[in-house]
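Note that this is a predicted model, so its numbers are computed, not measured. Naming: A, B, ... by sequence-line order, numbering from 1 per chain.
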There are 2 protein chains.
Amino acid sequence: MKPGKRVTLADVAAHAGVDRSVISRVMNSDPGLNIRPETRVRVLASVKALGYRPNAAARTLRTRRSRTIGLFVPDHADPVYAEIVTGAEAAAAERGCVLVTGSGRVADSAQPYLDLLADGRVDGLLLAGGVTATPAALRESGMPWLLLNRSMADATRHVVLDDEGAAAMAVEHLVNLGHRRIAHLAGPDGSDTASRRASGYRAAMRRHGATPDPGLAVRADYTADGGFQAMTELLGRTPRPTAVFVANVTSAIGAVRAAYRCGVRVPSELSIVAVHDLPFAEYLVPALTTVRMPLQELGRRGVEKLTTTDPDAPVSETVGAPMELVRRESTAPPREA
Amino acid sequence: MKPGKRVTLADVAAHAGVDRSVISRVMNSDPGLNIRPETRVRVLASVKALGYRPNAAARTLRTRRSRTIGLFVPDHADPVYAEIVTGAEAAAAERGCVLVTGSGRVADSAQPYLDLLADGRVDGLLLAGGVTATPAALRESGMPWLLLNRSMADATRHVVLDDEGAAAMAVEHLVNLGHRRIAHLAGPDGSDTASRRASGYRAAMRRHGATPDPGLAVRADYTADGGFQAMTELLGRTPRPTAVFVANVTSAIGAVRAAYRCGVRVPSELSIVAVHDLPFAEYLVPALTTVRMPLQELGRRGVEKLTTTDPDAPVSETVGAPMELVRRESTAPPREA
DNA sequence: TTGTAAGCGTTATCAC
DNA sequence: GTGATAACGCTTACAA
């Protein structure tokens, strides 16, 4: 209780009149412990009375478990990753862990992340991203790590979302509205989600008898500006698409702006549907039709898999939680139908 | 280098043929160390050869410093707090620290946060928020903590932004455009930033000879929905304001939507300016005029103050970095002027 | 049913 | 200039 003086196991032991090891075993509910009920009560009382909390560093040193997970995202300000962090945090808390977070592109060297592992600061690493390659050092380290929302052919430890499925939902929504000339505003080159959404788009197009015209696919990074540029370019092509499936909701904000800028009305002249919902998506003008993905669940599954699987075993999971097409104002039947 | 076997000080010592303590002192560049250059070289070589990294837990146990800072925000998905986290992270990294982040309203009990301190997991606590009260336990703990972006009369350890100044910039912008009937879409009751922005608004109004009409102030929480509700209410009042200063940019998104819904054109019939810029603010339709605040700098200053000040000393700083009024499309001279 | 003791990997204070 | 050695606070065989 005194500020500056920490209560240690020895203090509690003295207070309860037993040995330190007894306190430890009571607190960790050691199954092979046969203790007299009255002693246990006394121990618990002393713990409470002194406000004892085990020192994390000492415990970590002894047990080699920090109960800490490292989570790296490209950018905290990206709402997509904010959701993943939220989910991961909840799952971590459920198993008594905390999250050390970091942002920035996961560079090829990966040294900063591996260092956290090497220092024993974290028990495992969740790498959410991102366009970059998975460093070989990671694969060779033999330490617990997992890729989130991106997969790598040569590093099969990842959990991802059903990006193909999301693309299919979006395309089918547009097809059902009567669209045939459907463009794709794809994600950046090298992005794993981008290529899965693009292939989902192509597959869905073919399934509906619409050949995906390569002239109707254009790349943009996952930013509003990227979406703006790409959509501006797309609108210059003839004949113009009547609808566009945008791989990312932030790009879609820029895409809507570009349409507005070019005098193309959404949705009457152009329908727009994007992957990922946003808390304020329904308040945009026009309110955006989106495919809501289970991002928090992705975060959750990440920590679950990370903490429960053998670090050497391959992990390749697609989060099963349901996606949902949220119909709002940015999609409508084509005018010229 | 071997996976599974960690390199320890003893290994390096054996490899270099010196004592562990020498390695330690070299690595920590102990000033009172007089070592033969060739020995130092040998030590450094061994460290590099074995890939030695000091174990964080052991070091923390010994030094009582975890080089870890706890940062709590109400919600990772709130772009305002995402910026704060980004800034804090950078500042922490500069001093060799990592950030343990957590989200959720800081409850009155605050026990989970204090526990991190008590466990020795973090060296200090940065509490960013938020509507809630500062728990007395915090003040009494004698531990390093700091409030970010909120102040409390009875707990003078905080760093905040110049909310009054931001309000003044916004109001002056509107006044300069010719507006007189300026409403305030304020933040939620109990929010510290909300009340500072509100009083900044009132002061600026008076300074410009416009009495702030209480009928032109309405509260909303810092969400798009809150802004939508409040703006809808505001637009029902007569005579209608020609401009509104919105305390938060997320609310402003909802506010714009409400105007659109009511058939009120922005900016020709109603100007809107909000506190906090957003990466995609210029892509919204209409692009939002905002007051950009130094949010990352707030995060930076938070960790700086936390790590450099005596935990018992009062801290009351307003971040000095410049704010900027970003003129875009949502403000214009009043029509009826 | 409880106590003893040996570490975990550092750092810091000495002594040589 | 460098080496022993004693903590730091906890866990866990094993002994009593």
Side-chain angles (χ1 to χ4, degrees), chain A residues 4-44 46-47 50-68 96 115 117-121 123, chain B residues 4-44 46-47 50-68 96 115 117-121 123:
Chain A
K5 221 195 172 273
R6 251 136 146 100
V7 179
T8 165
L9 213 42
D11 301 329
V12 185
H15 187 273
V18 295
D19 188 79
R20 298 174 314 171
S21 60
V22 176
I23 317 276
S24 175
R25 282 173 288 182
V26 167
M27 293 209 71
N28 298 333
S29 44
D30 180 346
L33 171 64
N34 214 345
I35 198 181
R36 201 180 309 163
E38 63 183 81
T39 320
R40 174 190 297 274
V41 168
R42 197 151 35 91
V43 164
L44 260 19
S46 296
V47 165
L50 301 186
Y52 169 69
R53 308 222 88 225
N55 179 288
R59 178 175 272 186
T60 298
L61 181 57
R62 188 62 234 245
T63 62
R64 309 168 151 291
R65 298 212 42 214
S66 61
R67 309 204 75 80
T68 303
D115 286 353
L117 276 173
D119 297 352
R121 297 185 84 121
D123 294 333
Chain B
K5 220 196 173 269
R6 253 137 145 98
V7 178
T8 165
L9 214 40
D11 300 329
V12 185
H15 187 272
V18 296
D19 190 79
R20 298 172 313 174
S21 57
V22 175
I23 318 277
S24 175
R25 281 174 288 181
V26 167
M27 293 210 71
N28 299 332
S29 44
D30 180 345
L33 171 63
N34 212 346
I35 197 180
R36 199 179 312 163
E38 62 183 82
T39 319
R40 175 190 298 274
V41 167
R42 199 152 33 93
V43 164
L44 259 20
S46 296
V47 164
L50 301 185
Y52 169 67
R53 308 221 87 224
N55 179 287
R59 178 175 272 186
T60 298
L61 180 57
R62 191 58 235 246
T63 62
R64 309 166 152 289
R65 299 210 44 211
S66 62
R67 308 203 75 79
T68 303
D115 285 353
L117 276 173
D119 297 353
R121 297 185 83 121
D123 294 333

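- Counting non-hydrogen atoms under 4.0 angstrom, B:Arg25 reaches a base of the nucleic acid.
- Closest approach of A:Arg65 and A:Thr60 over heavy atoms only: O-OG1, 3.3 Å.
- Rounded to whole Å, the distance from CZ on A:Arg65 to P on D:dC10 is 18 Å.
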* To do: Go through the steps for A:Thr8 and A:Asn55 under the test side chain to side chain contact (heavy atoms under 4.5 Å, CB included), then give the verdict.
  => CA-CA 8 Å; A:Thr8 165; A:Asn55 179 288; over 6 Å; no
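- Distances shown here put every side-chain N or O of A:Thr60 at or beyond 4.0 Å from the OP1 or OP2 atom of D:dC10.
- Within the 4.0 angstrom heavy-atom criterion, only backbone atoms of the sugar-phosphate kind lie near A:Thr39; the bases stay farther away.
- Close to D:dT2, at under 4.0 Å from its OP1 or OP2, lies a side-chain N or O of B:Arg36.
- Between A:Arg53 atom CZ and D:dC10 atom P the separation is 12 Å, expressed in whole Å.
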* Residue pair A:Val7, A:His15: steps toward the side chain to side chain contact (heavy atoms under 4.5 Å, CB included) verdict -> CA-CA 11 Å; A:Val7 179; A:His15 187 273; over 6 Å; no
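- Listed in residue order, the members of residues 15-23 of chain B having a heavy atom less than 4.0 Å from DNA chain D are B:Gly17, B:Val18, B:Asp19, B:Arg20, B:Ser21, B:Val22.
- Here the P atom of nucleotide D:dG9 and the CG atom of A:Leu50 are 15 Å apart, to the nearest Å.
- The two atoms that bring A:Gly120 and A:Ser66 nearest to each other are O-CB, 3.7 Å, heavy atoms only.
- Comparing B:Arg64 and B:Asn34 against DNA chain D, the residue whose closest nucleotide sits nearer the 5' end is B:Asn34.
- In this structure, the CG atom of A:Leu61 is 6 Å from the C1' atom of C:dG9, given to the nearest Å.
- You'll find the side chain of B:Arg67 stays beyond 4.5 Å of the side chain of B:Arg59, heavy atoms only.
- B:Val12 is not listed as a side-chain neighbour of B:Met27, based on a closest heavy-atom distance of 4.5 Å or more.
- Note: CG (A:Leu9) to C1' (D:dA7) measures 16 Å, nearest angstrom.
- Side-chain contact annotation: B:Arg20 with B:Ser24, donor-acceptor N/O pair under 3.5 Å absent.
- Protein atom CG of A:Leu33 is 14 Å distant from nucleotide atom C1' of D:dA13, rounded to whole Å.
- Within the 4.0 angstrom heavy-atom criterion, no nucleotide atom of any strand lies near A:Asp30.
- What separates OH of B:Tyr52 from P of C:dT10 is a distance of 3 Å, to the nearest Å.
- Computed from coordinates, the A:Asn55 CG to C:dT10 C1' distance equals 13 Å when rounded to whole Å.
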